[in-house]
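First the structure, in the form of structure tokens, and then the observations on it.
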Amino acid sequence: MASNESKEEGKRRPLNFIEQIVEEDLKNNRNNGRVHTRFPPEPNGFLHIGHAKSICLNFGIAEDYGGKTNLRFDDTNPLKEEQKYIDSIKEDVHWLGFDWEDREYYASDYFEQLYEFAVKLIKQGNAYVCELTPEEVKNTRGTPTEPGKESPYRDRPIEENLDLFRRMREGEFEEGSCQLRAKIDMSSPNMQMRDPILYRIRHIAHPRTGDKWCIYPMYDFAHGQSDYIEGITHSLCTLEFENHRPLYDWFLDKIAEGDYRPKQIEFARLNLSFTVMSKRKLLELVNEGYVDGWDDPRMPTISGIRRRGYTPGSIREFSEKVGIAKRDNVIDVALLENSLREDLNKTAQRVMTVLDPVKVVITNYPEDQEEELDAVNNPEDENMGMRKVPFSREIYIERDDFREDPPKKFFRLAPGREVRLRYAYYITCQGVVKDEFGEITEIRCTYDPETKGGQSPDGRKVKGTLHWVSSKHALPVEVRQYDRLFMDESPDKIKEEGKDFKSNLNPDSLHIIENAMAEPFLKDAKPEDKFQFERKGYFCVDRYCKPQEKLIFNRAVTLKDTWAKIAKQQQQGKKK
RNA sequence: UGACCCAUGGUGUAACUGGCAACACGUCAGGUUUUGGUCCUGAAGAGUCCAGGUUCGAGCCCUGGUGGGUCAGCCA
């Protein structure tokens, strides 16, 4: 059996480095051959696409190796954490298609046990209560290149530490007046090992434990211990915790009984071009009104891309494609877009919607006549069947599907030119009507009755096929065309002194069309339904659309557009 | 002037653990097409950060550089 390929049939992807470690551990019967992972968000913000990568990794590994995954909220800092974040995180993980079953845990559930662990450490002489002020702690920590200084409280007797720590818990001391620290090595070249703080005093209620506690454990004294309590075998986290691993192991060695040990493994976080990923920056965009909340369709949050029209499958596929490694990376957002197109191409109902309508009158089509024409719902999936589309003398087509003076390689409608109306007839442009500003108000065409359905008995070909909507049957809808939030692929690369990432915001990231014209088929569309608007892109009914009101469609992603590419080249040719 | 980590086409990830660099996205060209979509075919694009060393043989091992990242919250 090849050691670098997944054993599972049909899944021939080479193993990433974490899977290789897991297989090695399995081979050595480490922790009795168990695999148990966890996804450990802090409930202080919304999940983003980077978290999605981690979620897919953790749940994916467990699934592949017959293990389980816990959802654990790392809620050790009541200053920043809120219930609304817990709710949104749970919703997002479920929506992505993962299930933690009954294993929904909270670090705060372990506060009592964590306290006991701390007492154990004190009794071992491995922790002490330090009364240095925050300022003094900072000043005695040293720098990466200089060792720190030992706290004067470092060698107080165990009994005194025990007493002080108990009184810390009982609320005798003010915030910041003292803290519990591990006694490790103030001159360690690894800053994490310079007597890190284990517990700090916070006279503040916790969303889950209320007023029960006024001391709260730090991340380093909660995370590994929680892993240990839950029986986690592989604790996957991002690279910035690499320097914490010796500390992770140090605590476990002092606390654990028996052979079982969770193992921390670090991988590189996901970065995406044309967006920012840090919670702080995302929060800034929300708070300062650059976007319409955490789930604005332009946000890289899971709730944002969901509202935009992304599917769980496309995000899982994307996570698979980006891979897992340890080097810093910036994924091309085109890869994300490709994953969505690939998914929706196979599954999305096709429909015709004219985004920027201009009227076409078919002069030789009888005034009162109407027809119902057959249209294919999805050429990629016969099982999706057919539908009827109404046709009449007056229709709308896309304004830029007509040119009075067509450039080279423009295959669409122009004076004297014949094109096909999809599923309908061939039409030929005979002239245009303009208003006093020279704006075209109407295109006049004739049709060939012999070409019903879109093919001619004489076999003549047309180069262009246009989508259209019968004007009397048209359903007006609102369309929100979203584009990239930032103009630069690296928003943090600032061009002018004194500016920040927000100076790279794309001013055209949202273009709203109040009255696009859709075929009547769409009238029963429900929130989050996804469609391909033929020749335009994939669109999703906004999550917050109300039943009786005008439908709002969010553009998830455009279709690939060869013509746009040619037109752009022609433009650039002219400039030169 | 510390510790730890990282370095392969434009981007991302591989390379059976030492056997003459592959896949995906993107780009370009062509074919099919009632979506300038999809699909199909082909092409360009890295000789693996640099310099030494070990070896019959190095992207994989060793040494030394260079470049990048992380760490000085009572955040996670």
Side-chain angles (χ1 to χ4, degrees), chain A residues 2-5 13-16 20 40-42 44 74 76-77 79-81 130 132-134 137-139 141-148 175-176 178-181 188-194 196-202 215-216 218-220 222-223 237-246 266 268 273 279 320-339 341-342 345-346 350 352 375-376 379-380 409-412 420-424 426 453-455 462-467 489 532-537 558-566:
Chain A
S3 65
N4 73 326
E5 282 189 352
R13 171 176 66 72
L15 260 29
N16 63 50
Q20 289 179 26
E42 183 191 13
N44 69 343
D74 225 326
T76 57
N77 184 5
L79 229 46
K80 294 186 178 176
E81 295 149 8
C130 177
L132 256 24
T133 65
V137 169
K138 184 184 164 128
N139 292 338
R141 186 161 3 242
T143 70
T145 54
E146 300 165 80
E175 285 188 18
C178 59
Q179 68 274 178
L180 186 72
R181 298 177 72 177
S188 170
N190 181 348
M191 302 279 299
Q192 310 305 328
M193 303 298 273
R194 320 242 263 227
I197 291 169
L198 271 40
Y199 270 90
R200 76 283 218 190
I201 296 171
R202 286 243 198 288
I215 56 172
Y216 294 96
M218 298 287 289
Y219 166 85
D220 286 306
H223 201 99
C237 63
T238 43
L239 250 27
E240 66 269 29
F241 294 104
E242 216 157 20
N243 294 337
H244 295 238
R245 180 156 27 100
E266 311 85 11
S273 62
K279 277 186 191 172
E320 194 64 42
K321 284 178 184 166
V322 300
I324 302 292
K326 296 191 75 159
R327 84 179 94 137
D328 289 328
N329 60 80
V330 181
I331 308 294
D332 190 340
V333 71
L335 188 66
L336 214 212
E337 296 172 340
N338 173 269
S339 303
R341 288 195 191 102
E342 203 178 313
N345 176 51
K346 293 191 200 106
R350 269 59 167 177
M352 293 195 286
V376 174
E380 306 296 315
K409 293 187 182 169
F410 183 85
F411 303 149
R412 287 108 93 144
R420 169 167 42 233
L421 292 177
R422 181 144 229 231
Y423 301 126
Y426 287 8
Q455 48 214 313
V462 287
K463 291 277 263 184
T465 300
L466 310 186
H467 62 283
E489 62 176 18
Q532 185 195 98
F533 288 180
E534 292 216 24
R535 304 210 299 137
K536 283 292 158 191
T558 61
L559 251 28
K560 279 192 196 160
D561 191 344
T562 308
W563 166 243
K565 215 178 273 181
I566 294 169

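Heavy-atom basis, side chains included; hydrogens, waters and symmetry copies ignored. Here is the naming used below: chain letters follow the sequence lines, and residue numbers restart at 1 for every chain.
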Would you mind classifying the nucleic acid contact of A:Tyr199 as base, sugar-phosphate or nothing, using non-hydrogen atoms under 4.0 angstrom?
nothing
In whole angstroms, the gap separating C1' of B:C74 from CZ of A:Arg181 amounts to 10 Å
Below 4.5 Å, heavy atoms only, C-beta onward: do A:Thr562 and A:Lys409 meet side chain to side chain?
no
Euclidean distance, atom CG of residue A:Leu239 to atom P of B:C5 [Å, nearest integer]:
11 Å
Reckon A:Thr133 touches a base, only the sugar-phosphate, or nothing at all at heavy-atom distances under 4.0 Å?
base
List every contact pair, protein side and nucleotides 58-63 of chain B side both N or O, where the distance is under 3.5 Å.
none

Categorize A:Thr562 for me: base, sugar-phosphate, or nothing, with a 4.0 angstrom heavy-atom threshold over every strand shown.
sugar-phosphate
Which string of ( ) [ ] | and . matches RNA chain B, if you list each base 5' to 3' and count Watson-Crick or G-U pairs only when both distances are under 3.5 Å?
.((((((..((((.....[..)))).(((((.......))))).....(((((..]....))))))))))).....
Reckon A:Thr76 touches a base, only the sugar-phosphate, or nothing at all at heavy-atom distances under 4.0 Å?
sugar-phosphate
Just call it for A:Asp328: base, sugar-phosphate, or nothing, with non-hydrogen atoms closer than 4.0 Å on any strand.
sugar-phosphate
Figure out the NZ/P separation between A:Lys560 and B:C28, and round it to whole Å.
11 Å
Does A:Tyr219 lie flat on the base of B:A76, that is, centres under 5.5 Å apart and planes under 30° off?
no
Sugar-phosphate only, base, or nothing, as touched by A:Gln532 at under 4.0 Å among non-hydrogen atoms
base
Sugar-phosphate only, base, or nothing, as touched by A:Arg422 at under 4.0 Å among non-hydrogen atoms
base
What's A:Lys565 touching, base or sugar-phosphate or nothing? Going by heavy atoms closer than 4.0 Å.
sugar-phosphate
How about A:Arg327 and A:Leu239: do any of their side-chain heavy atoms sit closer than 4.5 Å?
no
Expressed as a whole number of angstroms, how long is the span from A:Arg341:CZ to B:U35:P?
18 Å
